[in-house]
Every structure is written in structure tokens, then in C-alpha cells.
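The sequence lines fix the lettering, A, B, ..., with proteins before strands; numbering per chain opens at 1. Bear in mind the structure is a predicted one, so any value in this text is a computation, not a measurement. Values below: all heavy atoms of this structure, side chains included; hydrogens, waters and symmetry mates excluded.
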2 protein chains.
Amino acid sequence: MSWRHGSAGRGHGRAYHHGNLREALIEAALALIAENGPLGFTFAEAARQAGVSPAAPYRHFRDRDQLLADIAQQGFGHFEAALAQAWNQGAPDPMTAFCNIGKAYLEFARTQPGYYAAMFEAGITLEATPELRDVSDRAFGILRAAAERVTANLPAQQRPPALMVALHVWSLSHGIASLFGGRNAVRRGLPMSPEDLLEAGVLVYLQGLGISRQSSETKF
Amino acid sequence: MSWRHGSAGRGHGRAYHHGNLREALIEAALALIAENGPLGFTFAEAARQAGVSPAAPYRHFRDRDQLLADIAQQGFGHFEAALAQAWNQGAPDPMTAFCNIGKAYLEFARTQPGYYAAMFEAGITLEATPELRDVSDRAFGILRAAAERVTANLPAQQRPPALMVALHVWSLSHGIASLFGGRNAVRRGLPMSPEDLLEAGVLVYLQGLGISRQSSETKF
DNA sequence: CGAATGATGTAAATGCTACTCACATGAACG
DNA sequence: CGTTCATGTGAGTAGCATTTACATCATTCG
């Protein structure tokens with residue numbers, strides 16, 4: 001008789017007792033986190049936006065942290081898909097595709113601030129659940145496979161461990177995203193966009209490994 | 001009459017009304033943050049550890065966020081000092097000193113988890129107060145000056161902007177520290193220590209810029 | 001010396017939050 | 001039609017941030 005549909009609902013798919021509370025809560029939490037960071041998200045506020053009582057969410061999540069962990073897990077799934085699409089199996093060429101992964105990293109941080117914050121800026125430990133660990137490992141695995149491919153043509157003597165290369169690029173991407181991308185966005189007089197900063201860094205790094213682009217188009 | 005001294009006090013320096021509550025609160029907050037992260041720190045708990053009522057802290061800090069901001073500001077001061085000492089005006093040689101800055105970055109994250117978390121993992125915006133902005137700029141300025149020095153000997157045509165180099169190294173250091181260093185410490189089967197990972201990355205990067213160490217000691 | 005003053009701390013209250021438990025409601029299924 | 005299970009509600013507990021009125025004490029000034 002009185003289960004009003006919150007506010008931002010899409011207007012379909014409700015069954016009885018609000019229908020899909022679980023998804024509605026996740027959506028509300030994503031919006032709240034995207035706006036105010038992980039701390040600005042409140043279990044009670046999410047329930048309010050979904051139009052249910054403050055106790056209702058506990059039928060779907062053990063506690064607040066588990067909702068965050070579930071969002072992070074789902075986010076890593078999307079993250080993995082975005083990285084895989086950017087890599088595109090190394091097309092058009094491994095070097096370009098490698099840089100595209102970095103760009104996808106930053107784009108994800110910028111366009112999915114809710115997911116990104118839940119994944120990296122909330123307090124969750126990544127080792128919390130095996131599923132979370134697995135899906136984050138899969139996302140990183142794409143970067144690692146790409147590093148393997150990019151370094152494959154180097155002579156064995158000077159070929160670095162692909163894992164190390166992947167860790168370097170991941171760390172650089174994550175550092176740039178944390179410091180200058182997404183929310184908070186320190187923007188301390190950045191002379192270039194985060195994307196360009198990252199691409200330049202990766203190119204210099206690859207050059208240091210002895211991998212140079214055939215036609216060096218971008219030069220600082 | 002009854003101003004018991006909390007628990008962890010050093011047993012000196014108290015005047016009347018507890019004496020230096022401000023410092024005691026900062027110390028308590030640092031310990032709490034170092035243990036449980038920025039979220040595990042409670043204004044009330046800090047007051048409890050200092051042996052005062054929950055309202056007392058408001059005589060010294062406008063609110064909880066300002067205490068965090070003050071800690072972050074103080075932390076950036078120590079951070080600047082640590083980086084400056086590591087750089088040591090470019091001694092023994094600029095390249096080694098440059099790597100030392102990176103190591104100091106990670107060492108700070110590891111040995112000062114309370115400060116580090118307040119600086120980078122709490123929700124504060126760095127632009128909150130001009131003082132905070134200034135002191136963080138000073139810390140970064142050390143890295144930038146070092147980058148200037150390291151790239152100074154390159155021929156003008158291939159010399160990159162020092163600012164960009166500093167941003168790259170800062171981002172890499174910060175990414176490694178966030179992902180693998182300090183608290184949380186994802187440790188996803190790291191094949192090497194964060195310090196070694198960072199040093200290797202910086203060396204590859206510098207090599208990509210055309211700067212190589214005279215005697216290449218470390219090779220992956 | 002003694003009283004006003006300002007700095008520092010307290011008690012109590014408000015409102016929000018996480019979380020729990022006993023109960024209600026309605027859907028599905030026998 | 002009645003039982004059962006899933007889902008939501010109401011009320012309660014406990015903790016925290018924050019405010020306000022009040023207390024206490026050091027200092028300063030007449």
C-alpha cells in the first residue's frame with residue numbers, strides 16, 4: 001500500500017516488497033559514494049533513497065562493509081572488462097594497446113568514481129573474500145598478459161620479468177589516478193591531462209626497456 | 001582534583017587542566033590511525049585515551065576533520081624533511097640521491113603509517129587550507145628540484161620538462177606505496193620488496209630518458 | 001591582595017548512525 | 001486453505017559528532 005519507489009528508480013521491474021531492493025541499494029550507494037566519497041555513504045541514507053526502513057538492508061547485506069565489498073567486487077568485474085576491451089588482444093599493435101590499457105584505467109577512475117572509490121578508497125582489504133581477490137587478480141592479469149606480449153620481442157638477456165613491468169605500469173596508473181584523477185582531483189597546476197601524463201610516462205618507461213614505437217609521434 | 005592522565009602518558013609536562021591536551025590528542029589519533037586506518041579513529045576515543053571528556057577536544061580543534069587536517073599538515077612537514085634528507089643536495093651523486101628520495105617515500109609510508117594515512121588515505125582535500133597546500137607543495141618541490149638536477153645534463157633537444165619527470169616519479173612512488181606499502185599492504189605475491197620495485201622502475205624510467213648510471217649495479 | 005577575565009574542561013542533551021530482535025506481511029507452495 | 005519462507009517494519013541499544021550551559025582555575029589588573 002505504501003511502498004513508494006524512492007526517487008531515482010527507472011520505473012520498472014518492481015515486484016512486491018519493493019522487488020529488487022538489493023540492486024536499488026547498490027545504485028543508491030554508488031551515487032552517494034561518487035558524490036561524497038566512501039565516507040559520505042550511509043547505510044541508512046541508502047535505505048532512505050530506496051524508500052525502505054533502515055533495517056531492511058540487513059536482509060540483503062550482512063553489514064555496511066559487505067555492501068561496500070560487493071560494490072567493489074562488481075566494480076572489479078567492470079574494470080576487468082574495460083581493461084580487456086582496451087587491450088583488445090594487442091590490436092592494432094601491442095604498444096598502442098598497452099597505452100590504451102592505461103587510458104582505460106584513468107577513464108574508469110573518472111567515469112566510475114563510485115566503483116573506483118569502493119575499490120581503492122574505501123577501507124576494504126581486497127583479501128576480505130576469495131571472490132574479491134579473484135576478480136581483482138583477473139583484472140591485473142590482463143595487464144600482466146599485455147606486459148608479457150609487449151616484452152616478448154626483446155632478446156632474452158635484456159628482457160625484464162613481465163610481472164615487474166605490469167606492476168610498474170599498474171602502480172604508475174594507480175598513482176596518477178589517486179593523485180590527479182577521479183574525485184578529489186588534486187590538480188596542483190598539472191601542465192597536462194592525467195591521460196597524457198600517464199601515456200608519456202609509459203612511453204618513457206618502455207623506451208627504458210628498449211621498446212620504442214616505430215614512429216615516435218608523441219614527444220612530451 | 002580528578003584529572004587522571006589517561007593511560008599512555010609519559011608522566012611529565014602536565015600543567016593544570018591536563019596541560020597539553022592538543023599534543024596528547026594528536027598522539028592518540030596517530031596511534032589509532034596507524035592501527036586501524038583513518039576510519040578506525042574516533043574523536044571520542046582519542047579524548048578517552050587522553051583522559052578527558054568527549055567535549056574537551058573541541059577547545060583545540062573545530063571538528064574531527066580539522067584534527068585530521070592538522071595531523072596531515074604536520075605529517076607533510078616531516079615528509080618534506082625526510083625527502084630533503086634523502087636527496088641530500090644530490091650527494092653522493094644525483095642519480096643515487098634521486099632513488100633515495102623514492103626509498104624515503106616508501107620508508108615514510110611504512111614507518112609513519114599514521115601520518116601517511118592522514119595525508120593520503122583520509123578524506124581531506126589538500127586544498128582545504130592554504131597551509132596544507134603550501135607544505136605539500138614544498139614537499140613536492142624537493143622532488144621537482146631533484147628532477148631538475150637529474151635532467152640538467154641532457155642535451156636541450158631531448159631534455160624533458162622536470163615537472164613531468166617529478167610527477168612521474170611521484171606517481172609511481174605513490175602508487176607503489178598505496179598498493180603494496182604501509183598498511184593494508186595488498187602483497188599479491190610481490191616478487192620483490194616495494195623498495196626494490198620502485199628503484200627498478202625509476203632506473204628503467206631514467207634509462208628511457210637517456211640517463212644511465214655509470215656503473216649499472218642493480219639489474220632487476 | 002582580591003576580583004574580573006579568559007582559557008580550558010565537564011555534564012547533559014540532540015541527532016545521526018550501525019546494528020539487533022521481535023513481529024508483520026505477503027508470496028509461493030503444499 | 002493453511003503452512004512456510006523471504007522480505008520488510010518498529011522499536012530498542014549503543015556509539016559517535018557536535019553544541020550549549022556551566023564549572024574551574026591561572027592570570028592579569030586595579
Remember a base hit wins even if backbone is also touched, and classify A:Pro54 as base, sugar-phosphate or nothing at under 4.0 Å, heavy atoms. nothing
Classify the nucleic acid contact of A:Ala44 as base, sugar-phosphate or nothing, counting any heavy atom under 4.0 Å across all strands shown. sugar-phosphate
Check the distance between [N]'s [atom2] and [X]'s [atom1] and give it to me in whole angstrom.
X       : N      : atom1 : atom2 : value
B:Leu68 : D:dA17 : CG    : C1'   : 13 Å
A:Phe43 : C:dT20 : CZ    : C1'   : 13 Å
B:Glu23 : C:dT8  : CD    : P     : 13 Å
A:Asn20 : C:dA27 : CG    : P     : 16 Å
B:Leu39 : D:dC16 : CG    : P     : 14 Å
A:Leu25 : D:dT7  : CG    : C1'   : 12 Å

Tell me, yes or no, whether the heavy-atom count around B:Glu131 atom CD, taken from other residues, nucleotides or ligands under 6.0 Å, exceeds 12. yes
Nearest heavy-atom approach of A:Val165 to A:Pro160 is CG2-CG, 3.7 Å
Sorted by chain and residue number, the salt bridge (Lys or Arg N to Asp or Glu O under 4.0 Å) partners of A:Glu107 (sequence neighbours excluded) come out as none
Ordered by number, residues from residues 57-66 of chain A within less than 4.0 Å of DNA chain C (heavy atoms) are A:Tyr58, A:Arg59, A:Asp63, A:Arg64
More 5' along DNA chain C: A:Ala55 or A:Glu45, using each one's nearest nucleotide? A:Glu45
Less than 3.5 Å apart, any donor N or O on the side chain of B:Glu127 or B:Thr125 sitting next to an acceptor on the other? no
Say whether B:Tyr116 and B:Glu121, considering side chains only, have a donor N or O and an acceptor N or O under 3.5 Å apart. no
Who passes ring-ring contact (aromatic ring centres under 6.0 Å, His included) against A:Phe41, sequence neighbours left out? none
